[in-house]
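This report concerns only the one structure given below.
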Amino acid sequence: MLKRRLIPKLQMKSSQFGSSSKMVLVTTREYQKTIEIGNPVSQAKIYEAQAADELIFLDIDAPAHQRNITLDVIKRAAEEIFMPITIGGGIRSIEDFRLLLSHGADKVSINTIAIENPDLIGQASSIFGAQCVVVSIDYKKESDGTYRVWGQSGKLYSNWDVINWAIEVERRGAGEILLTSIDRDGMRQGLDINITKQVVQSVSIPVITSGGCGLAAHFVEGFIDGQASAVAAGTYFSFKDENIMQTRAQIKNAGVPIRIHT
């Protein structure tokens with residue numbers, strides 16, 4: 001049986017320090033309020049020491065700043081961290097894929113450009129392999145009760161239904177889906193288990209679910225009830241007085257097949 005994965009999600013944005021800009025680690029709440037909490041590479045090294053399975057870096061204000069700031073973070077992370085790294089934010093082209101992969105990323109996550117130009121999914125998959133292509137699906141529950149996909153960090157509405165879009169991105173060659181409920185982002189009230197399960201049962205590629213973890217039990221629900229291949233969290237690991245190894249032990253004790261590091 002495949003082991004489930006526990007993935008810290010490091011959201012970043014550019015912040016001004018005197019005359020220069022640097023990437024800082026932030027947490028978000030419903031993709032709106034952001035709180036700066038530290039250095040993304042330093043935090044990533046802590047997560048590696050705590051035995052995370054993978055890391056996801058998301059540049060939430062790209063391309064508002066120079067791409068080389070993000071590249072510097074990824075290059076430094078790849079030099080100091082020895083686990084799979086996914087990078088997302090502001091990707092617009094095959095050249096962006098090539099640039100990020102050549103600077104140390106193992107996978108590239110796309111969201112807005114996938115909605116605007118879905119052909120890029122297949123193009124990237126054919127060039128770099130499906131295993132390198134992650135499609136991030138951010139969604140909200142609308143007033144009519146439907147769940148719709150949004151781009152540009154929750155600012156760009158699309159007509160895509162979450163389930164249909166998940167099926168479409170798999171058809172076009174995505175190797176993995178990163179599913180995030182915008183409504184639950186940073187709220188710590190639990191994952192959207194219903195939508196997670198529907199997406200997982202609609203596709204054959206791995207689904208990472210995120211948005212809402214506040215307790216170790218929420219990870220367990222994501223794995224058991226949501227049937228997700230992985231659970232990603234940002235706010236939980238940033239503020240919760242409980243590290244990844246402790247969370248992993250609680251998940252294991254609930255009967256979830258997850259790696260135990262020693």
Side-chain angles (χ1 to χ4, degrees), residues 1-5 7 9 31 54 56 58 62 84-101 105-142 144-184 191-211 222-223 225-232:
M1 182 180 293
L2 291 175
K3 301 294 186 183
R4 308 297 177 89
R5 292 168 290 150
I7 307 176
K9 184 166 61 174
Y31 281 27
E54 300 180 19
I56 297 174
L58 297 177
I85 294 174
T86 299
I87 176 69
I91 290 88
R92 304 295 301 174
S93 65
I94 289 296
E95 184 54 37
D96 286 336
F97 267 85
R98 183 172 288 110
L99 198 60
L100 291 167
L101 291 170
D106 297 283
K107 307 175 191 177
V108 175
S109 175
I110 55 175
N111 179 343
T112 306
I113 190 61
I115 297 169
E116 296 175 346
N117 178 23
D119 288 343
L120 183 65
I121 301 170
Q123 293 167 3
S125 181
S126 64
I127 294 171
F128 305 111
Q131 76 283 351
C132 291
V133 183
V134 179
V135 173
S136 177
I137 300 179
D138 298 341
Y139 67 94
K140 297 179 186 178
K141 184 177 182 179
E142 305 302 320
D144 62 0
T146 61
Y147 291 83
R148 298 292 172 179
V149 177
W150 288 70
Q152 293 182 1
S153 297
K155 301 179 183 68
L156 175 67
Y157 175 82
S158 84
N159 287 320
W160 278 103
D161 165 82
V162 175
I163 309 304
N164 290 336
W165 181 232
I167 294 169
E168 178 69 7
V169 302
E170 178 184 32
R171 185 186 72 81
R172 287 181 174 271
E176 193 165 37
I177 289 171
L178 171 59
L179 184 67
T180 306
S181 167
I182 296 173
D183 300 320
R184 294 171 180 258
L191 297 159
D192 187 337
I193 299 302
N194 180 47
I195 292 297
T196 297
K197 184 176 181 179
Q198 288 187 57
V199 170
V200 169
Q201 293 182 341
S202 299
V203 300
S204 59
I205 57 177
V207 175
I208 305 167
T209 188
S210 67
F223 289 127
D225 300 327
Q227 302 175 7
S229 297
V231 177

field: Derivation and outcome, side chain to side chain contact (heavy atoms under 4.5 Å, CB included), residues N194 and Q198
entry: CA-CA 6 Å; N194 180 47; Q198 288 187 57; 3.1 Å; yes
Nearest-0.5 Å distance that lies between atom [atom1] in [X] and atom [atom2] in [Y]:
X: S109; Y: E176; atom1: OG; atom2: CD; answer: 9.0 Å
X: S210; Y: D138; atom1: OG; atom2: CG; answer: 7.5 Å
X: Q152; Y: T112; atom1: CD; atom2: OG1; answer: 5.0 Å

Please tell me if the side chains of [X] and [Y] come closer than 4.5 Å, counting only heavy atoms from C-beta onward.
X: I182; Y: K141; result: no
X: Q123; Y: L120; result: yes
X: D161; Y: R148; result: yes
X: V135; Y: I110; result: yes
X: I115; Y: W150; result: no
X: R5; Y: K3; result: no
X: I208; Y: I56; result: yes
X: Y31; Y: T180; result: yes

In terms of side-chain heavy atoms, does [X] have a donor or acceptor partner in [Y] at a distance below 3.5 Å?
X: S204; Y: E170; value: yes
X: D192; Y: Y139; value: yes
X: D183; Y: S181; value: no
X: E168; Y: N164; value: no

Which heavy atom of [X] sits nearest to which heavy atom of [Y], and what is that distance?
X: C132; Y: F97; value: O-CE2, 4.3 Å
X: A105; Y: I87; value: CB-CG2, 3.3 Å
X: Q131; Y: K107; value: O-CG, 3.5 Å
X: T196; Y: L179; value: CA-CD2, 3.8 Å
X: A130; Y: G173; value: CB-O, 3.5 Å
X: T209; Y: A228; value: CG2-CB, 3.7 Å

field: Test log, rule side chain to side chain contact (heavy atoms under 4.5 Å, CB included), inputs V134 and I177
entry: CA-CA 6 Å; V134 179; I177 289 171; over 6 Å; no
May I ask you to decide if [Y]'s main-chain N or O and [X]'s side chain share a donor-acceptor pair within less than 3.5 Å?
X: R4; Y: F223; answer: yes
X: K9; Y: L58; answer: no
X: D106; Y: I85; answer: yes
X: E95; Y: R92; answer: no
X: T146; Y: E142; answer: no
X: R184; Y: L191; answer: yes

query: Should we say atom CG of D119 is surrounded by more than 12 heavy atoms from elsewhere, each under 6.0 Å from it?
result: yes
